[in-house]
Structure formats: structure tokens, C-alpha cells
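No hydrogens, no waters, no symmetry mates; every other heavy atom, side chains included, goes into these values. Each chain gets a letter, A, B and so on, in the order its sequence line appears, and its residues count up from 1.
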2 protein chains.
Amino acid sequence: MAQPRARRSTAGASATSTAAKAHRELEPLRFEPVERDPAYTRVARAIEAKILARELRAGDALPPEMDLAQQFRVHRSTVREALRRLESAGLVKRPPGAKRMVVSRPAAAELASGMRHALVLHDVTFVEVWEAMMVIEPEVAALAAARRDQQDLQALTAVHEAFKSSPKGDPHAVEVVARFFELLGAAARNRVLVLAKQSLARVLAPSLARMIDKVPQARSRIADAQRRIIGAVHDKNAEEARRWMSKHVRDFKRGYELAGISPDTPVSVD
Amino acid sequence: MAQPRARRSTAGASATSTAAKAHRELEPLRFEPVERDPAYTRVARAIEAKILARELRAGDALPPEMDLAQQFRVHRSTVREALRRLESAGLVKRPPGAKRMVVSRPAAAELASGMRHALVLHDVTFVEVWEAMMVIEPEVAALAAARRDQQDLQALTAVHEAFKSSPKGDPHAVEVVARFFELLGAAARNRVLVLAKQSLARVLAPSLARMIDKVPQARSRIADAQRRIIGAVHDKNAEEARRWMSKHVRDFKRGYELAGISPDTPVSVD
DNA sequence: GTTGTCCTATTGTCCGACAATCCGACCGAG
DNA sequence: CTCGGTCGGATTGTCGGACAATAGGACAAC
């Protein structure tokens, strides 16, 4: 009883206000589409706004669903739909084995997965991703060289060793390559660039695996490039790091060509 | 009646199988946390998988919620929660004034909004964003110079004019600046870079507005830079485009310094 | 052809319910 | 007094079922 009334009244209000606003333009008589978004959207937006405004800070527990439902004058199911919305955006999450939801800041991983979906579904091709890497990675390497600390160096070396010692046909090797890029990003101390580049190496991974399989010299060339880059980063030689990374990324493309993989191959998922 | 049974059986099954698998290693006896994710998550993942595998293609209408519920042997509410998940990821959406949901590819705007949330909530500072722009924008300009067509030029010029003719204290001017960067991205014909850079100019917008207000010569410097960049793009002079964009972005930082805005100011929302 | 009417499928929202389980409080044994 | 058990309330995950609003289509009337 109460709910149909509420629903009708909100819909009616928005319709009439829109109509009233547009009523005076007589000439072409254009109306903007009457905005009519479901309750779960509004609830989600309301909570999202509170989070972005820092009224709810990361780590805070959200009020119980029932409380929210009462505050918004909405059924619990509706609140739940809104929560799923926020959950998928990474704004709230449930710590493993906890009951209440807590506010959280979107992690890099979530952004990256969204990016991956977008790239895959838009049939983005290998060249496009490669081009982006050509733009970003050398600079990241240069920044990393300038800012790395001892731990970064250590981690990079460890991954490099892991790559060298990975067995011949190991499908895990590409994973290690991706990790190398990630660590370099971390050493560059720029979260924006990290976010931007995060997904690049990852979406390339599947085809990279095929490439490494087909091109015998690929492994050693990658290992060599990594060694040189680590060397430059160790010496805090930004220019050198940039140059070698540039060469390294360029090599990827050459590898693809040698492997007979077309540059227009769309990146794929897994 | 049927549902509690189903719930119990899945939980029990995963628990016992995990235990059985780990049962033989006696030494440290490590168990991985028993995975127990709610039904709405699984449903969402199942549908997501079908989309990424192209079994559901962009534009296809999803089956009605009730059908999905029956197929998954799950209540309609559960399906709905899963759908909200996908909706927020941009994998499905409802075209305005349509009933069924249709599969869609995540638009740049959604990715960008996620990125914005992340940057804001992680207290990313102005310099970090600026640094990313320094890396990306000049190369984008260079690519744009190489690949622009007549329409790109036209659009860029239009926006440039709009900026020049925007009144003195117009808060809309920063919007126009952001648009300029977007158009340049479009002209560069690389969707990966567009996605990566999309949110940069936007998160800067609020503080950019303050900067323009405080620094009298900012407007004319921006206008000048735009003119030069458009000129280089017009001449297909990549090198020149890169140089001017580099200068342009560097100028932003100088503007901030002149305006007395600290480089460590966190980017804000709206 | 356009407009009005009617039907059906489907969504948005609600109600109410219940099992599982987390959490904190309380309590007895060492 | 700390530590491991026990118990009850709070909260979530999920379900069945309901109903109004509306998109979409078929079909008749103008």
C-alpha cells in the first residue's frame, strides 16, 4: 500500500517538473527525456556520494541492510541491489569471513579487470595495446630508475631470476613477465601510471605465451632486456632505463612478427 | 524447502572436497580458505563468462529474469543482484525506455568514472596526475598529428574557438579544456590510450578551475598552446605536436605554482 | 497511415520468512 | 584471571509469492 503510493508520487513529480521546465520554449518544442531511474540506482548513488564525500571512509562498516532500507524508505531487496552495484565498483566489499560490508577504495585489480573487459569486448588489437605500452613503459622505467629503493631492486631481481629459471615450455613464464612490469610500476611511485598500465601486460599475456613458444630466441632476449633494465634501474640511470625498456617493448612486436602473429589480432581473454 | 537443501549441499561439497584434497599433506597441513561465494556472485560470473566468450554479443537481449532464475535454479532476486553487478561493470545495460536488458561493451565513460573514484579515494595528488599526463599526452598529440583526418581538425578548432570565446569567469571553460584533450585522443586512433588518459583531464578539472581564476595569464597561455598544437596537428607534424603539448602540460604545473596551489593537493571530486 | 484499445510478458518493488553464521556476552575450568 | 566453550541476538543470503507499471505487439477504428 505505502509503496505503490511512493512509486507513483516520485514518478509523477519528476514528470511534471520536467514538463513544467520545458513548457515555455514554444519554437521547436524539444523535451529532454524524462529521467526515470529505478530506486536501486538512486540508493546506490546516494551511498556512493557519501563515500566520495568521505562521510563514509574506507574501513567503516556500512549500516545493516535493514537500517538502510528504513532510511531510504525502500525494501531491503532494493538496498541489496544497490549494494551489488557498489560492490562491483569496488566501493564496498565484504572482508572474507565478515558479515557487514565495509567501505573500501577500489583496488587496482578491479580497475584492471574492467579495463580488460573493455579492451577485449571492443576488439582492441595487439598493436593498439603495444603502442600504449611503447608510450607508457619507457617513461615508467625512467621514473623507476629515479625513485627505486633497495626493496624494489630486490623484488625485480627475484622476478628476473624466476623468469630465467622457468622451464622451457612453462606457461607460467608470461605471468612472471607481467609481474616484472608491475614491479617496475610500483618502483615508479606513481599510482596513476600504475593504474593506467596495469592491464596492458596482462591482456597481452595469452598471445605472448604463444609468441614465446614459437620464437626460440624470445626467452633469452626477454631475459637480456630485463637484465639491462634492472641494471639501469640499479644505477639510477633513467635515460638508460628508458632506452632499454623502449627496446624491450619494441622487441615484443618483432617477436610477434617472427611468430607470424598478425598485429591486428584482437587481444583475447585467458 | 528446496533452497536450504541446495545451499547446504553446495557449502558442504566445497568444504569436504577441499578437506579431502589437503588431507594427504601431513607436514605443515595448510588449508586454503574454503571458498564460499554467494550465489549472486556465481550467477554474475557465469553470465560474464558467456559475454566475454562472445556467446552473448553486444546488443543481444538477455533472457528474462525469470528464465535465468529457472536455469540457475535460483530465486529471481538473486538473479537481479547478479544483474546489478554486471550493470555496474558496464557489461549489460538497459537502453532508455526499453524493458529487457541488453549486453553491451563497457563504455569509456564507465571506466573513467571508476578510475576517478579510485584516484580520489586513494588521495592521489596533483603531481601524480600531472606526471601521468606528461607521459601520455605528448605522445597522444604526436599520434594525433600523424593520423588526424579533416573532421578531427574541425572538431578541435571548434573547441578551441569555444575556449577562446568563453567569458572571463566561466566555470564551463575547464570543461572545454577537457574536451580538447578528449578530441585529441580520438584523433590519435588508439583506444587503449584514450581509456588510459580519459579520466586525467577530468580529475584535474576542479582544481584547474581555481587555477584559471587565480592566474590571469592562464587563459591566454592555454589558448595559445591549443592554437600551436592544432597547427602542428594540421601540418601532420608529429614532432612539433609533441613538443607543444609537452610545453602545454608543463605550463599547467607552472600555473598551479603561480596560483599557490600545492602540488600535493589531492585531486577532488566535483 | 495514424490513433486508440487490449493483452501479455517482463520489470521494479514490495512483503514476509527462514537458515546460516558472525559477534559479543556470559560462564566454567584451569 | 585468562582461555576455551555456549548461547542468543543481529545480520546476511536466499527464497516464495505478490502486484503495479509499462514495453511491445496485435488488432480494430478513424
N/O donor-acceptor pairs under 3.5 Å from side chains in residues 176-189 of chain B, not counting sequence neighbours:
{"residue": "B:Arg179", "atom": "NH1", "partner": "B:Glu182", "partner atom": "OE1", "Å": "2.8"}
{"residue": "B:Glu182", "atom": "OE2", "partner": "B:Arg202", "partner atom": "NH1", "Å": "2.3"}
{"residue": "B:Arg189", "atom": "NH1", "partner": "B:Asp152", "partner atom": "OD2", "Å": "3.3"}
{"residue": "B:Arg189", "atom": "NH1", "partner": "B:Ala186", "partner atom": "O", "Å": "2.8"}
{"residue": "B:Arg189", "atom": "NH2", "partner": "B:Asp149", "partner atom": "OD2", "Å": "3.2"}
{"residue": "B:Arg189", "atom": "NH2", "partner": "B:Asp152", "partner atom": "OD2", "Å": "2.7"}

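Checking the phosphate oxygens (OP1, OP2) of C:dG12, a side-chain nitrogen or oxygen of B:Arg84 falls inside 4.0 Å. Phosphate contact (OP1/OP2 of C:dC15, side-chain N/O of A:Arg76, threshold under 4.0 Å): absent. Within the 4.0 Å cut-off from OP1 or OP2 of D:dG13, not a single side-chain nitrogen or oxygen of B:Arg42 is found. Contact annotation: B:Tyr40 side-chain N/O to D:dT14 OP1/OP2 distance is not under 4.0 Å.
The distance from atom CD of A:Glu87 to atom C1' of D:dG13 is 12 Å, rounded to the nearest whole Å. Residue B:Met101 contributes atom CE, which lies 18 Å from atom C1' of D:dG24 at whole-angstrom precision. Residue A:Glu65 contributes atom CD, which lies 15 Å from atom C1' of C:dC18 at whole-angstrom precision. Rounded to an integer number of Å, the gap from CZ of A:Arg100 to C1' of D:dG9 is 13 Å. Rounded to whole Å, the distance from CZ on B:Arg73 to P on D:dG16 is 12 Å. When rounded to the nearest whole Å, the span between CE of B:Met66 and C1' of C:dT11 equals 11 Å. Per the geometry, CD belonging to A:Gln70 stands 13 Å off P belonging to D:dA10, to the nearest Å. Straight-line distance from the NE2 atom of B:His75 to the C1' atom of C:dC18: 13 Å, rounded to whole Å.
Counting heavy atoms from C-beta outward, A:Gln150 and A:Leu153 have side chains that approach closer than 4.5 Å.
Among D:dC15, D:dG13, C:dT11, the nucleotide with an atom closest to any side-chain atom of A:Arg94 is D:dG13. With C:dC23, D:dT12, C:dC14 as the candidates, the nucleotide lying closest to the side chain of A:Ser77 is C:dC14.
Residue order along DNA chain C, read from the 5' end via each residue's closest nucleotide, puts A:Glu81 first among A:Ala98 and A:Glu81. For the pair A:Asp67 and B:Pro38, both in contact range of DNA chain D, the more 5′-proximal nearest nucleotide belongs to A:Asp67.
For C:dT21, the base has a donor-acceptor partner in the side chain of A:Lys99 [N/O atoms by modelled type, under 3.5 angstrom].
Side chains of B:Tyr40 and B:Arg85: no donor on one and acceptor on the other come within 3.5 Å.
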Exercise for the section: Would you check, one step at a time, whether the test side chain to side chain contact (heavy atoms under 4.5 Å, CB included) holds for B:Arg54 with A:Val120? Expected result: CA-CA 10 Å; B:Arg54 298 299 220 291; A:Val120 168; 3.8 Å; yes
Handout entry: CA sep, side-chain torsions, deciding dist, call: B:Glu87, B:Arg84, salt bridge (Lys or Arg N to Asp or Glu O under 4.0 Å)
Key = CA-CA 5 Å; B:Glu87 195 178 20; B:Arg84 293 308 144 263; 3.3 Å; yes
